[in-house]
Amino acid sequence: MAYGVTYADADAEYSEADAVIFGVPYDHTASFKAGAREAPTAVRQASYNFEEFHFEHGLDQNKPLVNDYGNCDDFILPEDMIEEVKFAIGPTIREGKFPITIGGEHSVTIPIIQSYGKNDISLMTIDAHLDSRDEYMGTPNSHACVTRRAAEHLGIDNVCAVGVRSIGMEELDRDDVVKHVTAYEIFDHDIEWGIKKALDGLKNDKVYLSIDIDGIDPAYAPGTGTPEPFGLLPIQVKKAINLIGDRLAGFDVMEICPPADHSGITSILGARLINEALAVLGKNLRQ
């Protein structure tokens, strides 16, 4: 593991921590704009922007106890990255701690999900893309294959994507289409309707939430590798985290691309979403 700037207030010892933060600076399957490897540092720096007290939750940031474990080493091949992430994050999952990962591109989520048992979790992504291809640009471990790899491990009934507005024809022309709720459906109804629909379709109770920052409209999150118009609003994603509530088992934020984030607003949003997940975890631990 590599160390540099740490996440704000993530100063608990690993042994006592409820949640553990990892950075994975990997973007070697990026297909449009590279640069997500810089996000773990940028998001950590942005985390110092916020108050320690979440007034709307009545919760201090020091609940739960958080450890920043540092960054995984960078590799070129996705297969090497996958082994590194399993080695680094796998023990945290097996010890029952709450993992929070800052990518990196979305392929980083593949080994995290594979580190859980098949019956332990469901995966919900918030993403502009369905990311359910069998392979993309010559590899089955591309950022465009995340939900397909997850479905192979967890079962197709335990994977759902929310906020989707870009799907390849080959992703729909098959018998095992990954379940999804589109951004257009959410705007026609509301985020409460969309998250309920997604949760109701998942078999396993606990939910790992993976946020690809391009799930949010690029007007609010311009710093991403594959921006797609007509996305969700940040407040809707905040609500989504709370609607999952005590089912939340783990969390990541992927595809923030600091070189495309000239104002730094996307990294700031990524850090705030991590804080929201920590607040929900803190409330769950108080129950």
Side-chain angles (χ1 to χ4, degrees), residues 1-10 20-50 66-85 88-89 99-112 125-129 131 136-137 139 141-144 146 210-228 231 234 237 251-277:
M1 303 296 291
Y3 294 88
V5 60
T6 59
Y7 199 89
D9 304 307
V20 183
I21 294 175
F22 297 87
V24 186
Y26 182 82
D27 64 1
H28 294 287
T29 78
S31 54
F32 189 56
K33 297 179 184 177
R37 72 186 72 176
E38 299 179 24
T41 296
V43 172
R44 286 181 171 108
Q45 290 171 337
S47 70
Y48 288 86
N49 178 62
F50 301 107
V66 184
N67 170 266
D68 190 333
Y69 202 76
N71 282 353
C72 292
D73 293 333
D74 192 11
F75 293 92
I76 301 298
L77 296 177
E79 292 75 18
D80 293 333
M81 175 274 292
I82 284 171
E83 291 306 311
E84 167 74 358
V85 171
I89 301 178
I100 294 179
T101 304
I102 310 169
E105 60 171 58
H106 214 175
S107 59
V108 170
T109 301
I110 294 172
I112 300 173
T125 65
I126 291 179
D127 200 327
H129 310 89
D131 284 348
Y136 192 70
M137 296 179 67
T139 175
N141 294 311
S142 165
H143 68 127
V146 178
S210 177
I211 295 181
D212 183 326
I213 205 70
D214 69 27
I216 296 170
D217 194 90
Y220 303 95
T224 188
T226 50
E228 186 77 29
V237 178
F251 184 82
D252 66 48
V253 177
M254 302 292 173
E255 298 283 353
I256 294 172
C257 182
D261 191 28
H262 304 300
S263 66
I265 191 172
T266 314
S267 294
I268 291 171
L269 177 57
R272 183 59 184 83
L273 293 174
I274 290 172
N275 287 356
E276 194 67 24

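Hydrogens, waters and symmetry mates are skipped; everything else that's a heavy atom, side chains included, is used. Bear in mind the structure is a predicted one, so any value in this text is a computation, not a measurement.
The shortest heavy-atom contact between S267 and A42 is OG-CB, 3.4 Å. Contact detail for P40 and G103: the closest heavy-atom pair is CD-O, 3.6 Å. The nearest pair of heavy atoms linking I110 to S142 is CD1-O, 4.0 Å. Taking both residues in full, the closest heavy atoms of L269 and P234 are given as CD1-CB, 4.0 Å, listed atom of the first, atom of the second, then distance. In plain terms, the two heavy atoms of N141 and S107 that are nearest each other are O-CB, 3.3 Å. Residues A46 and F50 approach most closely at O-CE1, 3.7 Å, considering heavy atoms.
T101 has its side chain within reach of I112: a pair of non-hydrogen atoms, C-beta onward, lies under 4.5 Å apart. Taking the side chain as every heavy atom from C-beta outward, C72 and E84 approach each other to under 4.5 Å. At least one side-chain heavy atom of Y48 sits less than 4.5 Å from a side-chain heavy atom of V5. Using a 4.5 Å heavy-atom threshold, the side chains of T224 and P218 count as separate. Residues I102 and V253 have side chains not in contact (no heavy-atom distance under 4.5 Å, counting atoms from C-beta outward). Two residues are said to be in side-chain contact when any heavy atoms from C-beta on lie closer than 4.5 Å; F75 and I82 fail this criterion. Taking the side chain as every heavy atom from C-beta outward, Y26 and P78 approach each other to under 4.5 Å. Side-chain contact between F251 and I274 is present, with heavy atoms from C-beta onward closer than 4.5 Å.
Within the model, atoms CG of N67 and OG1 of T6 stand 9.5 Å from one another, a figure rounded to the nearest 0.5 Å. Summarising the geometry, atom CG belonging to D127 is positioned 9.0 Å from atom OG1 belonging to T109; distances are rounded to the nearest 0.5 Å. The distance from the CD atom of E105 to the CD1 atom of I256 is 14.0 Å, given to the nearest 0.5 Å. Remark: I213 CD1 to C257 SG distance equals 12.0 Å, nearest 0.5 Å.
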Stepwise side chain to side chain contact (heavy atoms under 4.5 Å, CB included) check, I211 with L273:
CA-CA 9 Å; I211 295 181; L273 293 174; 4.2 Å; yes
Y7/N275 under side chain to side chain donor-acceptor pair (under 3.5 Å): CA gap, chis, key distance, verdict
CA-CA 10 Å; Y7 199 89; N275 287 356; 2.8 Å; yes
Let me see the working for E79 and T139 under side chain to side chain contact (heavy atoms under 4.5 Å, CB included), right down to the final yes or no.
CA-CA 9 Å; E79 292 75 18; T139 175; 3.8 Å; yes
Working for side chain to side chain contact (heavy atoms under 4.5 Å, CB included), residues T125 and H106:
CA-CA 10 Å; T125 65; H106 214 175; 4.3 Å; yes
Would M81 and V108 count as a side chain to side chain contact (heavy atoms under 4.5 Å, CB included) if you check the C-alpha gap in whole Å, the side-chain angles of each, and the deciding distance to 0.1 Å?
CA-CA 8 Å; M81 175 274 292; V108 170; 4.2 Å; yes
H129 and D212: side chain to side chain donor-acceptor pair (under 3.5 Å), yes or no, with the steps?
CA-CA 9 Å; H129 310 89; D212 183 326; 4.9 Å; no
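Donor-acceptor pairing under 3.5 Å is recorded for the side chains of T266 and D261. A side-chain N or O of D252 and one of S210 form a donor-acceptor pair less than 3.5 Å apart.
Aromatic ring pairs are classed by plane angle as parallel below 30°, tilted from 30° to 60° and perpendicular above 60°; the pair Y69 and F22 is tilted.
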